[in-house]
Protein chains: 4
Amino acid sequence: MAQLRADARRNRERILAAAEEVFAERGASASTEEVAARAGVAIGTVFRHFPAKDDLIAAILKALLARLVSEAGELAASGDPETALFAFFTRVVEAAAARRTVAELLTGGGADLRLGGALRALDEPLGTLLRRAQEAGAVREDVRLEEVTALLAAASQAALLAGWTPELQDRTLEIIFRGCRP
Amino acid sequence: MAQLRADARRNRERILAAAEEVFAERGASASTEEVAARAGVAIGTVFRHFPAKDDLIAAILKALLARLVSEAGELAASGDPETALFAFFTRVVEAAAARRTVAELLTGGGADLRLGGALRALDEPLGTLLRRAQEAGAVREDVRLEEVTALLAAASQAALLAGWTPELQDRTLEIIFRGCRP
Amino acid sequence: MAQLRADARRNRERILAAAEEVFAERGASASTEEVAARAGVAIGTVFRHFPAKDDLIAAILKALLARLVSEAGELAASGDPETALFAFFTRVVEAAAARRTVAELLTGGGADLRLGGALRALDEPLGTLLRRAQEAGAVREDVRLEEVTALLAAASQAALLAGWTPELQDRTLEIIFRGCRP
Amino acid sequence: MAQLRADARRNRERILAAAEEVFAERGASASTEEVAARAGVAIGTVFRHFPAKDDLIAAILKALLARLVSEAGELAASGDPETALFAFFTRVVEAAAARRTVAELLTGGGADLRLGGALRALDEPLGTLLRRAQEAGAVREDVRLEEVTALLAAASQAALLAGWTPELQDRTLEIIFRGCRP
DNA sequence: GATGAATGAGAGTTCATTCAT
DNA sequence: GATGAATGAACTCTCATTCAT
């Protein structure tokens with residue numbers, strides 16, 4: 001991947017971008033052909049870069065998770081422990097709100113993309129943020145990572161609901177956060 | 001629907017039951033043919049009763065919602081106002097946990113099956129339960145129906161997660177409920 | 001298969017006939033779509049009757065082998081032991097000459113259609129004919145079933161050669177037969 | 001071909017060698033890309049040397065035939081006329097046994113690779129060997145080149161059968177040879 | 001009304017071949 | 001000349017839907 005020709009790298013990125021758009025709009029059942037069209041390449045090019053549709057979806061998800069993990073890392077390093085967890089939580093939900101695929105894949109996707117495979121990548125940074133928040137007294141001691149993750153997945157799904165607005169998001173997350181506080 | 005021949009009515013119900021099973025197990029992408037097989041009828045019979053696959057799915061959802069609405073009514077009539085809302089909330093999540101389709105359809109399915117079309121049916125009974133709970137002082141005054149519905153949808157989705165167990169459900173819902181209490 | 005509707009049975013047979021033709025002409029790599037076209041049905045109909053291309057090919061081969069086995073049985077029952085083996089041998093080669101698929105499949109086809117799977121069906125009747133011929137003194141004692149089968153496959157393949165004519169067939173098989181005689 | 005740059009000539013030969021291996025293992029349906037990979041060149045290089053896949057296959061076959069023709073020449077020049085024909089026959093069958101492509105192409109491949117195009121190259125040396133053998137009294141007078149070629153093709157195909165072993169080869173060819181002797 | 005065979009658009013995937021780098 | 005990314009037609013197979021029986 002590091003040694004791709006310039007044009008290949010360009011196409012790879014256009015395909016990823018197109019796929020993110022298409023899957024965000026239509027969900028993971030959108031056709032690979034549409035991704036190709038949106039990226040302005042032939043269908044074969046998509047399959048050259050991602051041998052199977054699942055590989056393409058996995059690549060998108062992986063990229064997104066990597067971004068989130070890195071954001072979590074930054075928050076853990078420099079943020080206020082009392083608010084970092086909730087800030088991150090909000091951030092993830094916002095990302096999901098913009099992408100049907102994300103939430104879909106958290107539960108539905110290919111076998112190995114389920115919670116065990118995908119959300120698990122967030123376990124470590126999320127765990128750190130949770131521990132810090134508890135040490136800072138911002139979250140009850142009896143709240144465990146497991147339910148935080150579940151709530152995160154839940155809220156990410158909810159973010160796709162028809163009437164979802166920033167204001168509703170605030171009010172909804174506030175209930176969850178309040179439930180976590182001592 | 002009122003004037004169906006006896007055998008037709010019987011078939012209709014067997015198809016609905018089969019569809020609920022099949023879609024619960026395999027999700028909404030299960031094939032209509034499998035529904036027919038499970039119901040013990042021919043594929044043509046399914047399409048005679050439900051002109052399109054979406055109609056069948058909508059019918060299942062409608063039936064489920066009707067059941068839930070009636071349960072909500074009973075709780076509102078006879079239950080303890082302080083706990084009825086949360087009891088109902090738990091009940092819905094449990095129903096979702098047993099059915100892939102439900103949660104899937106809340107966000108995914110055909111356009112008109114989204115929150116606006118489906119969950120809206122719960123608005124009235126849910127609103128009643130909420131109002132009663134608030135009057136009884138069991139729920140904060142500033143919690144609105146909208147976010148309760150969103151949380152309900154969210155938790156219903158989460159119920160499909162790989163690691164979901166009754167215990168995790170308790171812990172997760174408890175956070176949400178705590179966030180609702182004064 | 002016995003309870004197929006009349007139209008289904010008709011189509012099944014038209015598909016088999018078309019497939020035999022098409023594969024005979026173009027080899028097993030001919031497209032299923034061409035078979036469908038030749039049979040005058042839509043592609044889906046072919047796949048309804050034969051869930052995968054291999055099933056279609058296997059069905060053709062099975063039918064042909066069944067015919068040959070039954071011919072062998074008749075020859076064993078009523079034919080002159082001294083000539084029955086060679087008559088059957090000739091018969092098989094003639095059948096192969098008319099069908100690319102046959103010879104192809106004897107060596108090439110799907111994994112389970114190779115010699116072990118396909119020609120093996122001829123083992124029993126061929127063995128009987130061979131034993132009778134040896135008892136009648138028409139074939140050397142040291143000729144075994146294995147090499148007869150090999151020669152049969154060989155000659156069947158050769159029957160597809162460009163210059164193959166009835167006359168060449170006679171002269172070629174005569175050499176083989178002479179080699180088998182005491 | 002005479003004026004190729006040294007590296008081009010080297011590539012050409014590596015491609016031929018790789019192709020012989022790949023097609024021998026996987027048959028003519030193996031992908032050109034695999035040939036390129038095995039040869040350690042890019043796919044474009046293969047197509048520069050052989051404008052179409054068939055050209056590559058034809059080149060392999062031609063090379064093999066050339067080798068066989070030269071072996072036949074040597075046998076004709078220096079071998080015992082009584083056994084040279086059968087020795088050559090055996091040699092060809094052994095070559096075929098090691099290469100799926102050979103036998104496949106004798107009947108299957110592109111139209112112009114059939115008997116008329118390929119085996120014809122063996123006509124002359126084979127004719128010479130046959131004539132010598134007949135003059136030496138080792139082969140019946142009424143055996144003609146045509147059927148020898150047919151038997152050769154036949155045995156070459158048979159060499160690909162699943163159960164083919166050196167011992168089976170001996171027994172099978174012995175029958176053919178016996179049929180040729182006076 | 002019920003049956004279930006037929007339909008055919010569409011999906012994912014492969015691969016010979018072309019052509020910009 | 002070599003490279004290898006891009007192309008796109010072709011192929012197998014699926015499934016919602018229609019319609020003759």
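Here the structure is a predicted model, which means the values were calculated and not measured.
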**OP:** Return the minimal non-hydrogen interatomic distance between B/I15 and B/A39, and the atom names on each side.
**Re:**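 Scanning both residues, the minimum pair turns out to be CA-CB, 3.9 Å.
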
Original post:
Nearest nucleotide by nearest heavy atom, which residue falls closer to the 5' end of DNA chain E, A/F47 or D/A52?
Top reply: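 Whichever sits nearer the 5' end wins; that is A/F47.
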
Original post:
On DNA chain E, nearest-nucleotide positions of B/R48 versus C/D7: which is more 5'?
Top reply: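 Of the two residues, B/R48 wins.
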
Subject >> Most 5' of C/K53 and B/P51 on DNA chain F, judged by nearest nucleotide >> reply: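 In this pair, the answer is C/K53.
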
**OP:** Assign each of A/G44 and C/G44 to its nearest nucleotide of DNA chain F by heavy atoms, then name whichever residue's nucleotide is nearer the 5' end.
**Re:**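 Mapping each residue to its closest nucleotide by heavy atoms, the 5'-most match is A/G44.
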
Between [atom2] of [N] and [atom1] of [X], the distance in whole Å:
{"X": "A/R9", "N": "E/dT21", "atom1": "CZ", "atom2": "P", "result": "16 Å"}
{"X": "D/I43", "N": "E/dC15", "atom1": "CD1", "atom2": "C1'", "result": "9 Å"}
{"X": "B/F50", "N": "F/dT17", "atom1": "CZ", "atom2": "P", "result": "14 Å"}
{"X": "B/E33", "N": "F/dC13", "atom1": "CD", "atom2": "P", "result": "18 Å"}
{"X": "C/L56", "N": "F/dC13", "atom1": "CG", "atom2": "P", "result": "10 Å"}
{"X": "B/I15", "N": "E/dA2", "atom1": "CD1", "atom2": "P", "result": "8 Å"}
{"X": "B/R10", "N": "E/dG1", "atom1": "CZ", "atom2": "P", "result": "13 Å"}
{"X": "C/H49", "N": "E/dA5", "atom1": "NE2", "atom2": "C1'", "result": "7 Å"}

Original post:
Does B/R67 pair with B/E20 as a salt bridge, N-O distance under 4.0 Å?
Top reply: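 Looking at B/E20 together with B/R67, the answer is yes, because their closest N to O distance falls below 4.0 Å.
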
Subject >> Salt bridge flag under 4.0 Å for residues A/R38 and A/E33 >> reply: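 Looking at A/R38 and A/E33, the cut-off is not met.
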
Does [X] put a side-chain nitrogen or oxygen below 4.0 Å from OP1 or OP2 of [N]?
{"X": "C/T45", "N": "E/dA5", "value": "no"}
{"X": "B/T32", "N": "F/dA16", "value": "yes"}
{"X": "D/N11", "N": "F/dA2", "value": "yes"}

Original post:
Does E/dT18 have a Watson-Crick or wobble partner in any strand here, with both distances under 3.5 angstrom, and which is it?
Top reply: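 Checking every strand shown, E/dT18 finds its partner in F/dA5, with both distances under 3.5 Å.
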
Original post:
With both distances under 3.5 angstrom, what nucleotide forms a Watson-Crick or G-U wobble pair with E/dG10?
Top reply: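 Because both required distances fall under 3.5 Å, E/dG10 counts as paired with F/dC13.
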
**OP:** From the options E/dA5, F/dA2, F/dT12, select the nucleotide whose nearest atom is closest to the side chain of C/S31.
**Re:**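 Out of E/dA5, F/dA2, F/dT12, the nucleotide with an atom closest to C/S31's side chain is F/dT12.
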
Original post:
Tell me, do A/F50 and A/I57 make a side-chain contact under 4.5 Å, heavy atoms counted?
Top reply: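 Result no, sub-4.5 Å side-chain heavy-atom pair not found.
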
Original post:
Checking side chain to side chain contact (heavy atoms under 4.5 Å, CB included) for the pair B/F47/B/L56: CA distance, chi angles, key distance, verdict?
Top reply: CA-CA 9 Å; B/F47 276 89; B/L56 177 53; over 6 Å; no

